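See structure below.
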Amino acid sequence: MQKNKVRKAVIPVAGFGTRLFPATKVVKKELFPIIDRDGRAKPVILAIIEEAISAGITEVAIVVQPDDQKVFEDLLKNPPKRELLNKLSPQNQEYSRYLEDLGSKITILLQEEQLGYGHAVFCAKDWVQDEPFLLMLGDHIYASDIEKSCASQLLNVYEQVNQSVVSLTTTPAENLHTSGCVTGVWQDLNSILEVTQLYEKPAIDYAQQHLRVQGMAENEFLCIFGLYLLTPKIFDFLAEHINQNFRERGEFQLTSCLDRLCQEEGMTGYVVKGQRFDTGLPDTYRQTMIDFKKL
Ligand code: UTP
């Protein structure tokens, strides 16, 4: 096997989705419908899986709550009821067959307790084994500005640099509270960054003091876009935080482990040529419904 070939993707979908309560009392946010560019009404998770597969990923693991196992199996592993299948248009019957084939590439893993995003990633350790893997947020979908999909762009960068790659997007200061932020030194202006620090949801003051990137406007920063290409070393740091019960805001977070991975092995940041749509908040979900299909 080629050493830096990326075959596996992990998608954690075991969170509670509190920001979309009360809808998430009955529907997982990763199963909310979006209208994809092919015109189909799809659960968010399916668009994410298709993004991974289109980039050449051959095996996908999704991390779910035990109570949600059945609904994800029904979507991804089980054929529709015969009565429904018979009523579908020929095109949708064909899509249903394609879904069954897609299902054979998917493994469902459990996160028994909801102890945070980092903990959910750790639940995929034994499945990933000793390989680099693509990590994708369960509530973000992507539209590339160029022919290559966003995930595919990230895989290409990984193949060139052979170290972990984090996808980035330029973000105004007022949105820093929504995601992880990075700083570093440009290797290729506005495209490839040697990352020197990652910090989760910084306050604006902290970001202005520590996270400014040369050449960027004073009120603009680089934030995580939702896709990561990680070496399996990340699991050592996650294991350490879990064994030492090192929690941040009550949970086991990913970003502090990414920062340790960056210090130990080095990390590249890549400004993706494309847009991401965060479906995890009411307003951004609404905007996704309006804008996504148009792109
Ligand atoms: P979020 O930060 O969006 O958290 O998780 P959340 O709990 O799902 O949603 P809010 O913040 O309460 O509204 C990022 C990703 O990690 C998964 C989520 O499903 C989402 O795809 N996650 C989060 C887990 O799998 N397990 C967890 O314990 C927490």
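Note that the coordinates shown come from a computational prediction; the quantities given were computed from them, not determined experimentally. Whatever order the structure lists them in is the order used to number ligands and atoms, beginning at 1.
Checked against ring-ring contact (aromatic ring centres under 6.0 Å, His included), Y285 has the following partners two or more places apart in sequence or in another chain: F32.
Listed by chain and residue number, the protein contacts of ligand 1 are P12, V13, A14, G15, F16, G17, T18, R19, K29, E30, Q111, Q114, L115, G116, Y117, A120, L137, G138, D139 (heavy atom within 4.0 angstrom).
Between K273 and D145 no salt bridge is recorded (no basic side-chain N to carboxylate O distance below 4.0 Å). Salt-bridge annotation for K105 and E59: absent, with no side-chain N of the basic residue lying under 4.0 Å from a carboxylate O of the acidic one. E100 and K77 are not joined by a salt bridge, as no carboxylate oxygen comes within less than 4.0 angstrom of a charged side-chain nitrogen.
Y142 has its ring centre less than 6.0 Å from the ring centre of F225.
Both Y117 and F237 are members of a single hydrophobic cluster when ILVMFWY side chains are connected at heavy-atom separations under 4.5 Å.
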